[in-house]
Amino acid sequence: MNLARASSLLFGVELLNTVIGFLGTVYFARELGATLLGIFFLFEATLYTMATVVDFGLRGAVEKRISAGEDPGKMFGAAVVMKLVLIVVVSLAVLAIREPLAAYVGADLALELIGVVIAFELSMLVIHVLQGELRVAQTAILHFLRSLTFVVVAVALLQYGYGVQAMVYALLVSYSVLLVGASLRVSTPLSWPGKYHIKSLFDYAKFNGIWGLGGHVYNWMDVIIIGVFLSQAAVGAYELAWRLTTTAIMFSTVFARVLFPQLSAWQADGATEKVSNLISDAMTTSLLLIVPSVVGVALIGREILGVIFGLEYTIATAAFLVLMVEKLPQAVNLVFDKAIQAFDRPKYGAIATVVSLSMNIVLNLLLVPRYGLVGAALATLLSVTVNTVLLGYYLGRLTTVTFPVRDVGWTVVAALVMGGAILGLTRVLNVDTPVTLLAAVALSAVVYGAGVLAAPSLRVKVLDNLRSLRG
């Protein structure tokens, strides 16, 4: 498996995916306003809470078993059977709490919620089967198609006055498209499972599910708590700031998805030295775009939110910076997470998750009422840092973990030089229009890129990756 080629292909398509999603989000933010957008984000938070319960580690379990070549057809069948049972149980629970759920979200969308959960869960299961077949790059076009479908359908329905429902129906259609597209590409046959296959998935999923719950808490707990204590407009502003920070970590996320099957295969073959070296290189790659992003947001974060989305969203400026800083430990966390999964040690991830999950919930409940959006961001930063430290400790018990101090240190120096360039630009130019914001971003990219390429070790890695892409 060529990691450079696979990750670059995935990154290229993911970049298009992000551009489409970003432009759509800008349109939705200006068309709906912070309050209505906040209602949709609360719907999404509820959706992914349901999905976490329905899945509870099954997707990761089936990907691991299929990548290891363990009765792939029957493992696939076992996952489908278990997932359908969980969907029925959770759907009945949603119907039972329909009224209080509508009061929390701001609209009665229970039936739509059940429909989207079904489409989401089944489509993502098939996507993980494709990843287990070491065909990660092929999933990229499917994710792009889903995002494009979502934006096109949502924009069209908004023109007919559907409001928040336009976004909800667009989600349903887009995940249905993803399900059909992924099903047509998967090569693993769907076979009736035995008790062994169900037990095998359960044994992995029972720990992986706790791991997945931690991921859900990381992504949505702050939004859920903000929805309880603050306004829906605050939810909208905070979530937009969060989503902007996820664009910076996009390549890290994509690389981690490509990383897991390769680490899993090498670990199964006993190639421990290769695994250790890849983990170290992956940390450098994962942090490459995060370090300069922190500097950029620290200097022109308010301008970024105001110019792109509108002044009503600048209430999240301070939270925006904290969330960007949080992406530093998160970038390393992505690598450690996939490495521990590759070693088939979900228990370690589960322990780290229980600790950080508990911290996240408690800190959100304590900090959001007192410090608002900044409190929510701080809760996320602290809990992710603790989770990363714990994962690093457990990974060190499985293999040698060497942090690339010199390479990362050079990226810090390059980012600081970039920050000086931004300060110089802001003294002669007000960053208050799309054109001036683009100029600031372009200057940052040129200065930081030149700084990175000036480092011999980083330059060698970049050139090696380019050769891998051509070869």
Side-chain angles (χ1 to χ4, degrees), residues 18 20-49 101-109 112-113 116 147 150-151 153-155 157-159 161-171 174 216-248 297 301-324 326-327 364 367-369 371-380 434 437:
T18 299
I20 293 294
F22 177 75
L23 293 176
T25 300
V26 172
Y27 175 80
F28 302 142
R30 293 183 174 275
E31 184 74 14
L32 293 174
T35 299
L36 290 180
L37 193 61
I39 292 176
F40 174 69
F41 288 151
L42 287 174
F43 174 86
E44 280 196 305
T46 307
L47 161 67
Y48 296 123
T49 299
L101 185 61
Y104 171 72
V105 172
D108 184 5
L109 298 166
E112 292 88 342
L113 183 61
V116 178
S147 294
F150 170 73
V151 171
V153 173
V155 169
L157 292 179
L158 280 172
Q159 302 307 308
Y162 278 83
V164 174
Q165 284 82 359
M167 311 278 284
V168 173
Y169 297 149
L171 271 183
S174 66
H216 168 72
V217 168
Y218 166 70
N219 285 317
W220 291 104
M221 182 53 62
D222 43 9
V223 171
I224 292 171
I225 301 299
I226 291 170
V228 173
F229 291 106
L230 304 178
S231 67
Q232 291 164 335
V235 171
Y238 181 88
E239 180 63 14
L240 281 184
W242 166 270
R243 295 191 180 196
L244 267 182
T245 65
T246 62
T247 62
V297 171
R302 180 180 176 83
E303 290 80 356
I304 292 172
L305 290 175
V307 171
I308 295 175
F309 299 116
L311 292 178
E312 65 178 319
Y313 296 99
T314 58
I315 59 173
T317 297
F320 185 24
L321 175 57
V322 177
L323 289 172
M324 195 66 253
E326 176 269 330
K327 291 298 178 287
N364 267 293
L367 298 179
V368 170
Y371 301 107
L373 301 184
V374 174
L378 282 171
T380 301
L437 180 59

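If you read the sequence from its start, that first residue is 1, and numbering goes on from there.
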task = Please test Met167 against Leu37 for side-chain contact (heavy atoms from CB on, under 4.5 Å), starting from the C-alpha separation and ending with a verdict.
result = CA-CA 9 Å; Met167 311 278 284; Leu37 193 61; 4.3 Å; yes

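- Separating the OG1 atom in Thr49 from the CG atom in Leu113 is a distance of 9.5 Å, to the nearest 0.5 Å.
- Looking at residues two or more places apart in sequence or on another chain, you find no side-chain hydrogen bond (donor to acceptor under 3.5 Å, both in side chains) involving Thr317.
- At a threshold of 4.5 Å between non-hydrogen side-chain atoms, the residues Leu32 and Phe40 do not count as touching.
- In terms of the side chain to side chain contact (heavy atoms under 4.5 Å, CB included) criterion, residue partners of Val368 (sequence neighbours excluded) are, by chain and number, Ile225, Ile226, Phe229, Leu230, Asn364, Ala376.
- Across all their heavy atoms, Ala45 and Ile224 have their closest contact at CB-CG1, 3.9 Å.
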key: Verdict with reasoning, Phe41 to Leu240, per side-chain contact (heavy atoms from CB on, under 4.5 Å)   = CA-CA 9 Å; Phe41 288 151; Leu240 281 184; 4.1 Å; yes

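- Thr245 is not listed as a side-chain neighbour of Val297, based on a closest heavy-atom distance of 4.5 Å or more.
- When all heavy atoms of Ala319 and Ala377 are compared, the closest pair comes out as O-CB, 3.8 Å.
- In this structure, Leu109 and Gln165 have side chains that are in contact, with non-hydrogen atoms separated by less than 4.5 Å.
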key: side-chain contact (heavy atoms from CB on, under 4.5 Å) evaluation trace for Leu158 with Tyr27   = CA-CA 10 Å; Leu158 280 172; Tyr27 175 80; 3.8 Å; yes

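- The salt bridge (charged side-chain N to carboxylate O under 4.0 Å, His left out) test applied to Glu112 returns no partner, not counting sequence neighbours.
- For Tyr162, there are no side-chain hydrogen bond (donor to acceptor under 3.5 Å, both in side chains) partners two or more places apart in sequence or in a different chain.
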Would you tabulate the side-chain donor-acceptor contacts of residues 306-315 under 3.5 Å, counting partners in other chains and residues two or more places apart, or write 'none'?
from, atom 1, to, atom 2, distance (Å)
Tyr313, OH, Ala29, O, 2.8
Tyr313, OH, Ala34, N, 3.2
Thr314, OG1, Leu311, O, 2.6

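- A distance of 6.5 Å separates CG in Leu378 from CG in Leu367, rounded to the nearest 0.5 Å.
- A search for salt bridge (charged side-chain N to carboxylate O under 4.0 Å, His left out) contacts involving Arg243 returns Glu44, Glu239, not counting sequence neighbours.
- Looking at Leu323 and Tyr238, their side chains come closer than 4.5 Å, going by heavy atoms from C-beta outward.
- Summarising the geometry of Ile39 relative to Val105, their closest heavy-atom pair is CG2-O, 3.5 Å, with the distance given to 0.1 Å.
- Distance OG1/Thr246 to CE/Met324: 9.0 Å, rounded to 0.5 Å.
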Test log, rule side-chain contact (heavy atoms from CB on, under 4.5 Å), inputs Leu47 and Trp220 = CA-CA 10 Å; Leu47 161 67; Trp220 291 104; over 6 Å; no

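- Within 6.0 Å of OH in Tyr104 there are more than 12 heavy atoms belonging to other residues, nucleotides or ligands.
- Across every non-hydrogen atom of Ala241 and Ala316, the tightest pair is CB-CB, 4.1 Å.
- In this structure, Phe320 CZ and Leu244 CG are separated by 4.5 Å, a value rounded to the nearest 0.5 Å.
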